[in-house]
Amino acid sequence: MHISGMKNILIYGGASGIGLATAQLLYNNGVHLTIADVNAPLYDFNDAVQYVSCDVRSATEVERAVSTATQLMALDGLVYSAGIQRYGSVVSTPIDEYDLVQQINTRGAFLACKAAIPEMTKGGAIVLVSSVQALACQTGVAAYAASKGALEALARAMAIDHAENKIRVNTVLPGTVDTPMVRSSAELFGGADQSEQLLQQWGNNHPVGRVGQASEIANLIAFLLSDHASFITGASYRVDGGLLAQLPVRL
Ligand code: BMA
C-alpha cells in the first residue's frame, strides 16, 4: 500500500502489537517514523526509526516525543496505540487501577494530541486505536470499556475542533487481535498451558472464526492516515471479523 501524503509520523505505543505492526507497515513505505513507548520495540529497525522512551502518563515525556519527531520536519501523522486492559466490574475494580487505565488509554491520547496538533502546521491525520468494547462489551471490563468509550468522544471533539487546521481525526475499533496485550489476558484466564486454546476460542467468537492479526489493523490505520482518506474525519471503523455485526441468537 502506498501511504500517499504522509511523511513524518509519530506512534505512541509503537513498540508492540498494533502500534508495532503499523510502524512496520509505514516504515516499509518510506515514512519517517518516531516510536514513543515505555518499552523498546520488539522489532529491530536498525536505527532507521527514532525511538523515544515515553511513559504516556507524563506530559513532559509525551512532549519530548513530539519534539524528537519534529526535529527535521513538521509532523503530519499521529497514531495513538498505547493501551492496557484490566479486568473487573465497577465494584471490584480498585480506584487506582481505574485511574491507571484512564491515564494510559485516554488521558495519554489527550496529552499526545495536545502536544502534537500545534506541530501539524501543514495539516495532518490522527488515528486513535480504540476497541469494539467502546460500543459493546463483555463482562468484567468496566475500566477498559469506559476508557475506550471516552476515546471515541475525544476523537470526535478533536475532529470538529481541528477541521479548520486541516487535521483529520479517526478511530479504529479492533476486535480480538493477536497482540501481547491479548496474549497476557489469555494467560491470565487460561494459565500458561491453556492460553493458546483460549485465544482460539476467542477467535471462534468472531464470525470469521479467528482472531485478527495486528497487520490487519495496521492496514486500516495506514489508509486512514493517507490522502486516500481525505474526506474522512470524526469517524470510527470496526475491524473485528464481524464480531459486532452478530447477535448471539442461534437457529
Ligand atoms: C479488545 C480487547 C480484547 C477483546 C476484544 C473483543 O479491545 O478488550 O481483550 O477480546 O476487544 O472484545
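Order of listing sets the numbers, starting from 1, for every ligand and every atom in it.
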> Applying a 4.0 Å heavy-atom criterion (strictly less than), which segment of Val132 is in contact with ligand 1: side chain, backbone, both, or neither?
Replying inline: side chain
>> Under 4.0 Å, heavy-atom basis, I'd like to know which part of Trp202 is in contact with ligand 1: side chain, backbone, both or neither.
In response: neither
> Which atoms from ligand 1 have a heavy atom of Ser131 less than 4.0 Å away?
Replying inline: 1 (C), 7 (O), 11 (O)
> What is the minimum heavy-atom distance between Ala109 and Leu128, and which atoms define it?
Replying inline: CB-CD2, 4.4 Å
> What's the shortest distance from atom 2 (C) of ligand 1 to any protein heavy atom, and which residue and atom give it?
Replying inline: Gln85 OE1, 3.5 Å
> Heavy-atom count around Asp193 CG within 6.0 Å, excluding the residue itself: above 12?
Replying inline: yes
> What do you reckon, are the aromatic ring centroids of Tyr51 and Phe45 less than 6.0 Å apart?
Replying inline: no
> So does Lys122 pair up with Asp76, basic N to acidic O under 4.0 Å?
Replying inline: no
> Which of these, Glu152, Arg238, Arg156, sits in a side-chain hydrogen bond (donor to acceptor under 3.5 Å, both in side chains) with Thr171?
Replying inline: Glu152
>> Return the closest protein heavy atom for atom 10 (O) of ligand 1 as residue, atom name and distance.
In response: Thr176 OG1, 2.8 Å
